[in-house]
Amino acid sequence: MTVTIGSRVVGGGRPAYVIAEIGLNHNGDVELAKQLIDVAADAGADAVKFQKRTPEIATPEHMRDIPRETPWGTMSYLDYRRRVEFDRDQYIEISDHALLRGLEWFASPWDVPSVAFLEDLGVVAHKVASASLTDRGLLEALRDTGKPIILSTGMSTTEQIDAAIETLGTDRLVLMHATSTYPMEPEEANLRMIPSLRDRYPGVPVGYSGHERGLQISIAAVALGAVAVERHITLDRTMWGSDHAASLEPAGLKNLVRDIRVIEAALGDGVKRVYPGELAPMAKLRRVPA
């Protein structure tokens, strides 16, 4: 089964769909967001992804008044969330830049009004963050858009994933194996979940959303059949913000896309054959002919 996201087809033996997750690494700065879009385009990614919240709804009650040290001074966690959100005009500017660079763009809406906000902007798909997998009202709103949905499965049990898929349906659905540790250690990657999810939900394309340091685990995910790979990106991992440390810098993203394409070429089709390049060594080295 394949899912079409904008001009790209995901699954069915197509090249892995590479999503550069900008998230909140723009720190509320449109120009920084544009630079990150350029990083994604220059690396050969297919899409960039943001996060969209209505802070008054999406911020948990117990977190709202907690003081947060920020580049703009000490403020409540709720005020910080307000500070890093883009408004409609800013998103239009970002969207135009992404499209000019040949990238799809979409976001993870964290509440129902954010779904309507993104729909008004004409996104090609929606992403469900792992933290939102159990939010049935949000899932229903996303299902009702009729758009492709990419569902991350971190911090979730099999039963919770079953319930989310029952709500969303399997048409236009891409599942993403994920572990929601920032940054994630290799022993928590559990990459064998990629074939397990594929077996449990036949016909649903399965990808990988990673929060590890480095490239090896994401590349291994492609070798295990991941049809999409999502990684956070940043200009500099030492920048202020919660996601920068688990993000790829520009050179890292470029190397990841390069290595994914090498692995895809190397996987082949599983049909044994003698390649033209083997003929000369065979003539030289094989003593007993078949």
Side-chain angles (χ1 to χ4, degrees), residues 5-11 13-27 29-51 94-108 124-125 127 150 152 174 176-179 182-186 189 191 194 207-268:
I5 299 178
S7 62
R8 270 77 161 186
V9 178
V10 181
R14 304 311 203 281
Y17 187 73
V18 179
I19 304 165
E21 155 98 70
I22 292 172
L24 297 177
N25 281 355
H26 52 70
N27 289 351
D29 183 336
V30 171
E31 291 309 312
L32 180 53
K34 288 181 179 180
Q35 289 178 56
L36 289 166
I37 289 168
D38 288 337
V39 165
D42 291 344
D46 297 290
V48 287
K49 190 189 82 70
F50 295 88
Q51 297 178 21
I94 289 164
S95 166
D96 287 347
H97 192 70
L99 296 174
L100 281 171
R101 291 306 315 267
L103 296 171
E104 314 287 3
W105 82 275
F106 46 89
S108 299
V124 294
K127 169 77 193 300
I150 302 166
S152 272
V174 178
M176 301 290 272
H177 168 56
T179 300
Y182 299 82
M184 181 197 71
E185 297 303 323
L191 288 181
I194 293 169
Y208 172 69
S209 180
H211 307 108
E212 72 273 12
R213 302 178 187 90
L215 309 181
Q216 303 98 321
I217 294 171
S218 294
I219 294 164
V222 173
L224 283 168
V227 302
V229 173
E230 177 185 59
R231 291 293 302 271
H232 286 260
I233 65 169
T234 181
L235 294 182
D236 181 345
R237 281 197 300 274
T238 65
M239 288 177 70
W240 182 88
S242 56
D243 289 339
H244 290 278
S247 301
L248 293 176
E249 292 175 337
L253 182 65
K254 188 170 287 190
N255 289 342
L256 177 66
V257 176
R258 177 201 66 194
D259 291 350
I260 285 173
R261 301 307 176 218
V262 170
I263 293 297
E264 288 169 339
L267 284 171

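Atom-to-atom distance recorded for Leu253:CG and His232:NE2 is 12.5 Å, nearest 0.5 angstrom. Rounded to the nearest 0.5 angstrom, Ile19 CD1 and Ile233 CD1 are separated by 12.0 Å. Atom CG of Leu36 and atom CD1 of Ile22 lie 5.0 Å apart (nearest 0.5 Å). One finds the NE2 atom of His26 at 13.0 Å from the CD atom of Glu31 (value rounded to the nearest 0.5 Å). Distance CD1/Ile94 to CG/Leu99: 12.0 Å, rounded to 0.5 Å. To the nearest 0.5 Å, atoms CG (Asp96) and NZ (Lys34) are separated by 8.5 Å.
Qualifying side-chain hydrogen bond (donor to acceptor under 3.5 Å, both in side chains) partners for Tyr17, counting only residues two or more places apart in sequence or in other chains: none. Shown here are the side-chain contact (heavy atoms from CB on, under 4.5 Å) partners of Glu264, two or more places apart in sequence or in another chain: Pro15, Ala16, Val222, Ile260, Arg261.
A donor-acceptor distance shorter than 3.5 angstrom exists from the side chain of Glu21 to the backbone of Gly23, with no hydrogens or angles considered. Remark: the backbone N or O of Ala226 is not paired with any side-chain donor or acceptor of His177 at under 3.5 angstrom. In this structure, Glu212 contributes its side chain and Ser218 its backbone to a donor-acceptor pair below 3.5 Å.
In this structure, the side chains of Phe106 and Lys127 come closer than 4.5 Å at one or more pairs of heavy atoms. Residues Met176 and Ser152 form a side-chain contact, since some pair of their non-hydrogen atoms from C-beta on lies under 4.5 Å apart. For the pair Leu248 and Arg237, the minimum side-chain heavy-atom distance is 4.5 Å or more.
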Show, in sequence, the C-alpha distance, side-chain angles and deciding distance for Glu185 and Arg213, and conclude whether the side-chain contact (heavy atoms from CB on, under 4.5 Å) test is met. CA-CA 8 Å; Glu185 297 303 323; Arg213 302 178 187 90; 3.0 Å; yes
Apply side-chain contact (heavy atoms from CB on, under 4.5 Å) to residues Trp105 and Lys49 and explain how you reach the verdict. CA-CA 6 Å; Trp105 82 275; Lys49 190 189 82 70; over 6 Å; no
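Taking both residues in full, the closest heavy atoms of Ala98 and Ile37 are given as CA-CG2, 3.8 Å, listed atom of the first, atom of the second, then distance. When all heavy atoms of Ala246 and Arg231 are compared, the pair lying nearest together is O-NH2, 4.4 Å. Thr234 approaches Pro250 most closely through the heavy-atom pair O-CD, 3.3 Å. Scanning all heavy atoms of the two residues, the minimum distance from Gly225 to Ile194 falls at C-CG2, 4.4 Å. Smallest separation of non-hydrogen atoms from Ile5 and Ala125: CG2-CB, 3.9 Å. Across all their heavy atoms, Glu230 and Ser209 have their closest contact at OE1-OG, 2.6 Å.
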Using a 3.5 Å cut-off and no angle test, enumerate the donor-acceptor pairs between side-chain atoms of residues 38-47 and protein atoms at least two apart in sequence or in another chain.
from	atom 1	to	atom 2	distance (Å)
Asp38	OD1	His97	NE2	2.8
Asp38	OD1	Arg101	NH1	2.9
Asp42	OD1	Arg101	NH2	2.8
Asp46	OD1	Arg8	NE	3.4
Asp46	OD2	Val18	N	2.8

